[in-house]
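Structure record follows, encoded as structure tokens.
Excluded from the calculations below are hydrogen atoms, water molecules and symmetry mates; all remaining heavy atoms, backbone and side chain alike, are included. Here, residue 1 is the first one in the sequence, and each next residue gets the next number. Predicted model, so just to flag it, every value in this text is computed and none were measured.
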Amino acid sequence: MYESEKLNLKRCSEYLIYILRPSYVKGFMTTYLQPEVAERILSEESKSVTSAAQVFLDQVCLLEELGWYQALLDALDAEDYKGLCEALKKWDFQILESTKIHRVLLERIEPSFTKMIKPRDLLRHLGDCLRKRECEEIQAIENQKGPIAAAERLTDCLKRSDKQNWFKLLKSALFSCELTEALQLLEPDTGDEEEGATMTTISFQYTEQSDDDDGMLMSGNQLTPSETPPTSATGEKSRGGEKKMREYQRELAEPVFQGKNTVICAPTGCGKTVVALAICEHHLKVKGKGAKVVFMATKVDVFNQQYKLFQDHFQEKDPDIRIDGLCGNQGDQLSMKVVMENNDIIVLTPQILVNAMAGGEIPSLSCFSLLILDECHNTTGKHPYNIIMTSYLDAKLSKEQNGQHLPQIVGLTASVGIGSFKNQSEAENNICQLCASLDSRIISTIHTNTDELQSYVHTPDKEFFLVEKRHTDPFIRIIHDIMAKIEGLAKTVYNIESLSAIENRDYGSQKYEQWIVDVQKKCRVLQLKDQEEESRVCRALYNYTEHLRKYNDALIINEDARTKDALDYLSVFIQQVKNAGHDETEQRLTAYFDGQQGVLRGLSSGGQKENPKLDMLQYILEEQYRQNDETKSVLFVRTRALADALKSWIEESDSLKFLKPGVLIGRGHKSSQLTGTRMTLNSKKGVLDSFKSFDNQSKILIATSVADEGIDIPQCNLVLMYEYVGNVVKMVQVRGRGRAQGSKCILVSDKKDRIDKEKHNMEKEKIVEKAIRKLQDTPTEMLHKMEVFQRGDKVCRDMVKMVPERRLTEGSYQLLCSKCKKHSCYTDDIRVLQDSHHIVLDPTLFSRARTEPHPKPKGFMGLVKTKKLFCHCGLDWGIVASYLTIQNLPVLKIESFVVKNCVTEQQRYYRKWRDVTFSMKTFELTDITW
């Protein structure tokens with residue numbers, strides 16, 4: 001029986017053994033093969049998948065049991081071996097045969113290919129040719145063994161794919177992830193051009209140039225806009241020929257070329273990064289071997305964008321120029337001194353430089369010859385830019401400079417309209433303060449080449465839509481009633497009104513959120529005579545206020561989105577509470593919600609028609625896309641939760657779901673905890689790539705403030721500000737996201753004062769422009785103001801340094817969980833490692849805490865995070881780490897604790913370890929006794 005099937009299986013064995021991974025059909029094996037045979041096959045698979053598949057095939061061909069062949073087909077189909085299953089059904093292997101050439105090519109280039117690819121990035125694009133379990137296995141291998149091992153597994157999975165389009169999807173993924181070298185390995189015939197060949201036949205059309213435009217960047221044949229034939233709406237990178245700056249860009253750079261410290265102020269989208277590249281080129285040429293350039297970007301996302309741009313540009317312009325980049329925790333893994341000494345240009349996030357200077361790796365800024373500060377309007381307060389420039393100014397104003405030559409300073413920004421001001425005089429003072437902080441006497445703007453600028457950079461038309469508020473909303477009334485009951489419960493435990501002086505706190509407001517924060521802060525240091533009672537009261541108040549916070553959040557979501565979205569937000573929170581400890585207090589709190597859930601569900605079924613703001617937003621989008629179905633939109637919102645809610649609304653709207661919305665939010669660890677949204681750098685890149693693509697994968701991007709500064713979002717002709725208003729700088733940056741000709745920028749709000757504020761920002765922008773012109777026309781007056789600001793700031797810094805350093809007190813202190821007030825440890829058992837990590841030596845701490853595997857185990861400053869550490873009440877206490885060969889070291893964060901003096905019993909709360917007033921011993925390896 002089944003002799004013909006067995007014969008055919010043997011004839012087509014080449015396809016089966018080179019595609020099938022036997023462990024994926026383990027259910028079939030355990031049903032139809034002997035246990036010892038199945039074990040032998042699985043054991044063989046750990047050595048060679050192909051050998052295991054051959055053994056599997058040999059054993060299958062020995063089967064006589066009725067139904068085994070259909071069961072095999074069913075097993076293959078269930079495990080998504082669709083191509084192989086279909087071929088076996090029809091005994092037609094032409095499709096699989098057509099992919100053989102690609103498997104052979106991948107086999108040939110595998111040793112190089114696996115060193116070039118980034119598996120985690122590629123997986124986001126290969127879901128259609130890889131199984132879910134394969135993706136999970138590849139991710140697990142990368143976490144455990146690193147990217148090369150993961151790349152080898154990914155390559156093996158691709159070679160075993162039975163999807164007809166796997167090779168096409170792989171090339172598309174490599175292109176999307178900008179893995180050019182790996183892509184060229186798959187396209188060997190595209191790289192045979194002679195070195196130095198001049199590309200004279202390629203033309204590019206200039207329509208827009210984004211901030212990350214790379215060569216001076218598009219103009220391979222140096223045509224002007226009017227001369228360029230309309231062959232491409234986006235332009236391309238040229239491979240040969242000199243790259244030419246536009247005249248307005250040259251005008252911006254001219255003061256820098258003359259060696260002057262300069263703030264370059266120009267619109268978003270005009271190519272300020274192109275100007276920075278030209279400045280670097282000129283500086284390296286003039287300074288020669290003495291040149292050492294640092295380019296700084298304030299955000300990691302922008303750093304990645306600009307670092308790649310610098311690499312690509314100078315790889316083409318002059319491969320001998322050495323470039324490296326550092327951001328995030330890379331500064332813990334690489335020596336800044338080594339990077340500096342071995343490179344001509346270093347791209348950084350500014351905190352890296354601050355840390356290197358504080359740690360003594362960089363003795364002074366005189367090590368560099370040029371500092372470029374992107375988004376330089378941030379040079380205020382405690383921002384890393386200001387810390388760096390404070391060091392610069394202290395050296396400049398010092399009477400003993402020791403012959404040091406300080407670097408040239410260049411700042412890049414779209415607006416210098418910082419701080420608050422009511423008139424032009426105050427605006428001038430603010431600008432002078434910024435220039436003083438950057439020690440820049442020149443503000444470079446475009447005067448001569450304004451016509452050229454306007455032909456490339458288009459300012460969107462501004463429109464305002466004032467929408468009526470909801471007239472009645474039963475959902476609000478029900479939530480208000482629940483919140484009133486919770487407040488009543490809290491008052492039975494403790495007089496919460498005595499804990500905060502914040503008044504007029506309306507439900508559903510930011511002020512109510514501030515009140516909750518204030519109450520929780522006071523709870524941390526609340527002291528009662530009975531310690532058990534103190535612990536019970538504090539934990540109860542924490543529970544009450546956390547529930548109040550979520551209801552307050554829901555009211556805010558309901559105001560801007562659907563009732564359904566607000567209810568879903570609450571439902572997720574309530575379910576999480578039930579899945580956790582769910583003690584008596586929490587059972588009572590969740591009962592309030594459960595009692596009203598049916599009514600709330602009924603109210604939420606009304607859809608978006610219940611919110612006039614959503615009606616208006618839908619009307620605007622429908623009209624825009626009816627007039628131009630190629631529209632690309634960015635929708636700015638205030639919160640992550642609202643971004644998730646509007647994404648769901650668009651996806652569930654019949655007339656809008658074709659927009660396929662993407663969401664771009666920050667990376668903070670508190671990002672939409674309830675909705676599960678948390679953006680890594682790779683996921684951000686995927687969203688942006690989808691939005692930028694020409695196959696209309698995504699037509700709208702919903703973004704929080706993460707997208708209003710620095711990140712390149714080209715091809716956008718509709719900017720929507722949904723209750724999203726900030727200061728003048730934010731207005732300029734948000735508006736600048738709309739770069740296409742005929743762009744619109746629309747503010748939608750039901751608050752007249754919010755629209756009035758945006759209109760006021762527009763007037764203040766004009767004041768800033770007049771202030772800049774006035775300062776440019778009166779350089780002597782500007783210089784005098786700058787010198788006054790610099791000397792005054794220096795006096796203040798010197799006075800602070802003269803204050804005696806605070807002496808730390810001796811004594812014993814107890815750390816109590818700030819939520820439940822349970823004992824954690826004593827400060828006598830805490831040791832300080834590398835002046836920053838606070839390790840507990842008492843192993844009994846683990847009996848008072850619980851641990852979970854760390855979601856992102858990685859090393860930093862010599863430690864390796866392995867687990868998260870929690871109190872039994874659920875509060876995050878910190879991490880468990882390994883150091884050298886020592887395992888299971890609890891590392892605490894002080895913000896999770898209240899510090900109790902063991903003598904006076906006074907309690908204090910500290911947000912940072914540097915603020916504590918008591919001394920702790922330094923960590924020594926001899927301290928470890930377990």
query: Leu526 and Val898: side chain to side chain contact (heavy atoms under 4.5 Å, CB included), yes or no, with the steps?
result: CA-CA 10 Å; Leu526 181 65; Val898 172; over 6 Å; no
- prompt: Does any N or O in the side chain of Ser604 come within less than 3.5 Å of the main-chain N or O of Thr563, such that one atom is a donor and the other an acceptor?
  reply: no
task: Considering only NZ, NE, NH1 and NH2 on the basic side and carboxylate oxygens on the acidic side, decide whether Lys522 and Glu497 come within less than 4.0 Å.
output: no
statement: Rounded to the nearest 0.5 angstrom, the CD1-CD1 distance for Ile620 and Ile746 is 4.5 Å
message: A quick test of your reading: do over 12 heavy atoms of other residues, nucleotides or ligands sit less than 6.0 Å from NZ of Lys868?
response: yes
message: Check this for me: Lys751, atom NZ, are more than 12 non-hydrogen atoms of other residues, nucleotides or ligands nearer than 6.0 Å?
response: yes
- prompt: Hey, are Gln520 and Glu546 close enough side-chain-wise for a donor-acceptor pair under 3.5 Å?
  reply: yes
Partners meeting ring pair (Phe, Tyr, Trp, His ring centres under 6.0 Å) with His480 (sequence neighbours left out): Tyr507
message: Would the distance check show the side chain of Ser500 and the main-chain N or O of Ile496 forming a donor-acceptor pair, the cut-off being under 3.5 Å?
response: no
message: Determine whether a donor-acceptor pair (N or O, by modelled atom type, separation under 3.5 Å) exists between the side chain of Trp913 and the backbone of Leu892.
response: yes
task: Please confirm whether the backbone N or O of Gln907 pairs with a side-chain atom of Gln527, one donor and one acceptor, at under 3.5 Å?
output: yes
field: Check: Thr851 and Phe846 side chains under 4.5 Å, non-hydrogen atoms
entry: yes
- prompt: Taking atom CG of Leu621 and atom CZ of Phe658, what is their separation to the nearest 0.5 Å?
  reply: 8.0 Å
message: For Tyr625, does the six-membered ring have the charged nitrogen or CZ of Lys699 within the cation-pi criterion, i.e. under 6.0 angstrom from the centroid and within 45° of the normal?
response: no
message: Can you list everything that forms a side-chain hydrogen bond (donor to acceptor under 3.5 Å, both in side chains) with Lys900? Sequence neighbours excluded, please.
response: none
message: Would you say CD of Glu503 has more than 12 non-hydrogen atoms from neighbouring residues, nucleotides or ligands within 6.0 angstrom?
response: no
message: I'd like to know if the side chain of Asp506 and the backbone of Ser509 have a donor-acceptor N/O pair within less than 3.5 Å.
response: no
message: Tell me which one of Val891, Leu845, Ile879, Asp876 satisfies side chain to side chain contact (heavy atoms under 4.5 Å, CB included) with Leu869.
response: Leu845
message: With a 4.0 Å cut-off on N to O distance, would you call Asp553 and Arg549 a salt bridge?
response: no
query: Can you name the nearest heavy-atom pair linking Arg470 to Asp473, along with the distance?
result: CD-OD2, 3.4 Å
- request: Could you tell me whether the side chain of Thr704 and the main chain of Thr639 form a donor-acceptor pair under 3.5 Å?
  value: no
- request: May I ask you to test the Val519-Leu548 pair for a side-chain heavy-atom distance under 4.5 Å?
  value: no
query: When rounded to the nearest 0.5 angstrom, what distance separates CD1 in Ile755 from CG in Leu466?
result: 4.5 Å
query: What is the minimum heavy-atom distance between Asn552 and Gly508, and which atoms define it?
result: OD1-N, 2.6 Å
query: Does a side-chain heavy-atom distance below 4.5 Å link Asp842 with Arg848?
result: yes
task: Please test Arg120 against Asn143 for side chain to side chain contact (heavy atoms under 4.5 Å, CB included), starting from the C-alpha separation and ending with a verdict.
output: CA-CA 10 Å; Arg120 197 177 296 275; Asn143 290 336; 2.7 Å; yes
field: pair Lys822-Glu532: side-chain heavy atoms closer than 4.5 Å
entry: yes
query: What distance do Arg640 atom CZ and Leu664 atom CG have between them, rounded to the nearest 0.5 Å?
result: 11.0 Å
task: Look only at the side chain of Arg908 and the backbone of Val899, and say whether a donor-acceptor pair between them is shorter than 3.5 Å.
output: no
task: Please name the pair of heavy atoms, one in Tyr512 and one in Met483, separated by the smallest distance, quoted to 0.1 Å.
output: CE2-CE, 3.6 Å
- prompt: Charged N to carboxylate O below 4.0 Å: is that the case for Glu136 and Arg133?
  reply: no
- prompt: Would you call Lys647 and Glu651 a salt bridge, using N to O less than 4.0 angstrom?
  reply: yes
message: Measuring only between side-chain heavy atoms, which start at C-beta, is Tyr619 closer than 4.5 Å to Glu623?
response: yes
message: Given 3.5 Å as the limit, does a donor-acceptor pair link the side chain of Arg754 with the main chain of Val725, or not?
response: no
query: If you look at every heavy atom in Ser818 and Leu875, which pair is closest and at what distance?
result: OG-CD2, 3.4 Å
message: Check Arg505 with Asp518, please: is the shortest side-chain N to carboxylate O separation under 4.0 Å?
response: no
query: Would you find a donor on one side and an acceptor on the other, under 3.5 Å apart, between the side chain of Lys578 and the backbone of Glu586?
result: no
- request: Give the ring-plane orientation class for Phe573 versus His547, where under 30° counts as parallel, over 60° as perpendicular and anything between as tilted.
  value: perpendicular
message: Counting neighbours of NZ on Lys521 that are heavy atoms of other residues, nucleotides or ligands and sit closer than 6.0 Å, is the number greater than 12?
response: no
- request: Decide side chain to side chain contact (heavy atoms under 4.5 Å, CB included) for Phe636 and Leu747; before the verdict, give the C-alpha distance in whole Å, the side-chain angles of both, and the deciding distance to 0.1 Å.
  value: CA-CA 10 Å; Phe636 281 99; Leu747 172 61; over 6 Å; no
query: Is the count of non-hydrogen atoms from other residues, nucleotides or ligands lying under 6.0 Å from Gln906 atom CD greater than 12?
result: no
message: Can a side-chain donor-acceptor contact be found between Tyr542 and Arg524 if the only test is distance below 3.5 angstrom?
response: yes
statement: Interatomic distance, CD1@Ile138 vs CG@Leu123, rounded to 0.5 Å, equals 5.0 Å
query: Rounded to the nearest 0.5 Å, how far apart are CG of Asp644 and CG of Asp568?
result: 11.0 Å
message: Walk me through whether Ile479 and Asn558 qualify under side chain to side chain contact (heavy atoms under 4.5 Å, CB included).
response: CA-CA 11 Å; Ile479 299 301; Asn558 181 68; over 6 Å; no
query: Do Asp565 and Arg562 meet the salt-bridge criterion of a basic N to acidic O distance under 4.0 Å?
result: yes
Side chain Thr866, main chain Val880, donor-acceptor under 3.5 Å: yes
message: Which heavy atom of Met721 sits nearest to which heavy atom of Cys745, and what is that distance?
response: SD-SG, 3.6 Å
message: How close do Leu614 and Trp649 get, counting heavy atoms only, and between which atoms?
response: O-CZ2, 3.6 Å
Heavy-atom side-chain proximity of Arg638 to Asp560 below 4.5 angstrom: yes
message: With a 4.5 Å cut-off on side-chain heavy atoms, are Val493 and Thr585 touching?
response: no
field: Leu600 vs Phe475 side-chain heavy atoms within contact, under 4.5 Å
entry: yes
Test item: side-chain donor near acceptor, Arg601 and Ser571, under 3.5 Å: yes
